[in-house]
Amino acid sequence: MENIENLYLETRLKKHRDFWGAKLTAAENETMERHIEFLRESGALNKVLKKGDQAPEFNLKNQNSEIISSIELLKKGPLVVSFYRGSWCPYCVEEIKALNTFYPQFQENEADLLVLSPQSLARTQRQANELHLKYSLLVDDDNKTGKAFGLVYEFPQYLKDLYQGRFNNNIQEINEGSAWELPIPARFVIGQDGKILDVFADPDYRFRPEPIDTVNFIKNLKK
């Protein structure tokens with residue numbers, strides 16, 4: 001049985017925050033913080049769809065090259081749609097694994113889960129296989145669905161330089177996309193009428209909502 005403390009996503013995320021906070025130089029940490037604050041102050045969150053908004057419909061390819069329709073899944077029950085940056089991001093990997101642990105509880109409560117990333121199909125397939133994911137990991141080509149949800153930002157040059165120079169991550173190549181763009185990590189709960197019932201979005205990618213909180217929210221929908 002997994003250590004009960006490790007069931008909490010925040011426990012895992014804090015370990016990465018501590019590790020990378022110590023590993024990066026003061027200047028590198030400042031650059032990362034600078035961009036997070038820029039997103040906050042620029043009003044990026046104001047563009048994110050809110051509770052009560054109509055969620056965009058989408059049809060995207062999953063790790064098995066199947067086309068998954070949000071419309072079809074909503075006919076069966078509520079839908080959780082989670083956006084993450086990619087398999088190269090350790091915070092995202094922890095969230096992906098935590099959601100996998102709790103996925104049976106989503107299903108028990110007649111809800112489904114879709115997790116979207118702009119990374120390439122090959123990377124998506126590799127990640128899904130390595131982590132034995134039970135849910136659909138979807139490829140959001142060129143962040144089209146992320147843009148529809150109001151989540152996507154473009155990298156400034158100083159952040160491109162850091163990602164390539166320090167982490168050897170060329171985001172445009174990783175995504176096989178047309179630009180250096182990523183979604184703000186976010187999780188939406190969508191009702192069967194297509195309306196957004198709950199949303200969590202944070203420009204600080206080092207923090208994510210607990211899967212159990214989302215499960216409990218869905219449980220309360222039934223009451």
Side-chain angles (χ1 to χ4, degrees), residues 2-18 20-21 32-33 36-37 39-40 44-53 55-56 58 70 73-74 77-87 89-119 127 131 133-138 140 143 145-146 148-153 182-191 195-223:
E2 188 170 5
N3 186 306
I4 189 67
E5 184 186 49
N6 285 333
L7 287 176
Y8 290 101
L9 177 57
E10 171 57 19
T11 302
R12 306 179 192 184
L13 296 178
K14 186 178 185 303
K15 290 178 181 177
H16 286 289
R17 292 197 300 269
D18 292 345
W20 286 104
M32 303 294 268
E33 296 288 349
I36 291 168
E37 286 308 306
L39 289 176
R40 292 195 192 285
L45 283 176
N46 295 334
K47 301 175 185 176
V48 179
L49 295 187
K50 306 294 190 294
K51 180 178 176 180
D53 289 341
F58 56 87
S70 62
L73 289 180
L74 283 170
L79 182 60
V80 178
V81 178
S82 188
F83 289 84
Y84 77 111
R85 307 192 311 161
S87 58
C89 169
Y91 303 94
C92 296
V93 172
E94 293 299 349
E95 183 180 25
I96 293 300
K97 293 191 293 188
L99 286 169
N100 203 41
T101 298
F102 283 92
Y103 183 54
Q105 294 191 44
F106 287 108
Q107 293 179 304
E108 288 167 12
N109 288 281
E110 300 174 346
D112 212 327
L113 167 69
L114 298 175
V115 183
L116 285 65
S117 163
Q119 70 184 0
Q127 183 176 29
L131 298 180
L133 297 184
K134 305 163 190 165
Y135 53 78
S136 281
L137 202 61
L138 303 184
D140 184 18
N143 286 288
T145 303
F149 276 82
L151 296 168
V152 179
Y153 62 89
L182 284 178
I184 292 172
R187 193 181 305 160
F188 297 83
V189 179
I190 303 170
K195 294 287 181 64
I196 294 172
L197 303 176
D198 190 47
V199 57
F200 179 96
D202 192 340
D204 193 338
Y205 54 87
R206 299 168 296 187
F207 295 86
R208 312 291 171 100
E210 292 289 342
I212 189 60
D213 290 341
T214 307
V215 169
N216 288 335
F217 182 87
I218 292 168
K219 284 181 180 179
N220 287 331
L221 293 177
K222 293 181 174 183
K223 295 180 180 178

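Because only heavy atoms are used, hydrogens play no part in the values below, and waters and symmetry mates are left out as well, while side chains stay in.
- Here the straight-line distance linking atom CD1 of Ile190 with atom CG of Leu79 works out to 5.0 Å at 0.5 Å rounding.
- Of all the heavy atoms in Asp112 and Leu73, the pair that sits closest is OD2-CD2, 3.7 Å.
- Taking the six-membered ring where the residue is Trp, Phe188 and Phe149 present tilted rings, their angle falling between 30° and 60°.
- Of the possible polar contacts, none joining the Glu110 side chain to the Pro78 backbone as a donor-acceptor pair under 3.5 Å is found.
- The distance from atom CG of Leu45 to atom CG of Leu151, rounded to the nearest 0.5 Å, is 9.0 Å.
- The structure places CZ of Phe200 at 10.0 Å from CG of Asp213, a figure rounded to the nearest 0.5 Å.
- Heavy-atom minimum distance, Ile96 versus Tyr135: O-OH, 2.8 Å.
- Side-chain atoms of Glu94 and Arg208, non-hydrogen and from C-beta on, never get closer than 4.5 Å to each other.
- Rounded to the nearest 0.5 Å, atoms CD1 (Ile184) and CZ (Phe83) are 11.5 Å apart.
- Residue Lys50 places its NZ atom among more than 12 non-hydrogen atoms of other residues, nucleotides or ligands, all under 6.0 Å distant.
- For the pair Tyr8/Lys14, no side-chain contact is recorded, criterion being any heavy-atom separation below 4.5 Å from C-beta on.
- The closest donor-acceptor contact from the side chain of Asp140 to the backbone of Leu116 lies at 3.5 Å or more, if one exists at all.
- With hydrogens and angles disregarded, a donor-acceptor distance shorter than 3.5 Å links the side chain of Glu210 to the backbone of Glu10.
- In this structure, CZ on Arg206 lies 13.0 Å from CH2 on Trp20, to the nearest 0.5 angstrom.
- Across all non-hydrogen atoms, the minimal contact from Phe106 to Ile218 is CD2-CD1, 3.6 Å.
- Looking at Pro211 and Thr101, their side chains never come closer than 4.5 Å, going by heavy atoms from C-beta outward.
- Proximity of Gln107 to Lys134: side-chain heavy atoms (C-beta onward) are nowhere separated by under 4.5 Å.
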Query raised in the report: How far apart are the C-alpha atoms of Val115 and Glu95, what are their side-chain angles, what is the distance that settles it, and do they pass the side chain to side chain contact (heavy atoms under 4.5 Å, CB included) test?
Result: CA-CA 10 Å; Val115 183; Glu95 183 180 25; over 6 Å; no
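- At least one test fails for Arg17 against the ring of Tyr91: distance under 6.0 Å to the centre or angle within 45° of the axis.
- Counting heavy atoms from C-beta outward, Leu113 and Thr214 have side chains that stay 4.5 Å or more apart.
- Residues Tyr84 and Val93 have side chains not in contact (no heavy-atom distance under 4.5 Å, counting atoms from C-beta outward).
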Report task. In sequence, state the C-alpha distance, the side-chain angles, and the governing distance for Arg40 and Asp202, and then conclude on salt bridge (charged side-chain N to carboxylate O under 4.0 Å, His left out). Result -> CA-CA 9 Å; Arg40 292 195 192 285; Asp202 192 340; 2.9 Å; yes
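- Judged purely by atom type and a 3.5 angstrom limit, Asn143 has no side-chain atom pairing as donor or acceptor with the backbone of Pro118.
- Between Gly150 and Val48, the shortest heavy-atom contact is O-CG2, 3.5 Å.
- In terms of modelled atom types and a separation under 3.5 Å, the side chain of Ser70 and the main chain of Phe58 share a donor-acceptor contact.
- Remark: of the listed residues Val199, Asp198, Leu99, Leu99 is the sole one forming a side chain to side chain contact (heavy atoms under 4.5 Å, CB included) with Arg187.
- The two atoms that bring Gln105 and Val215 nearest to each other are OE1-CG1, 3.7 Å, heavy atoms only.
- Residue Cys92 comes nearest to Gly86 through the heavy atom pair CB-O, 3.6 Å, listed as atom of the first residue, atom of the second, then distance.
- The CG atom of Asn100 lies 5.0 Å from the CG atom of Leu133; values are rounded to the nearest 0.5 Å.
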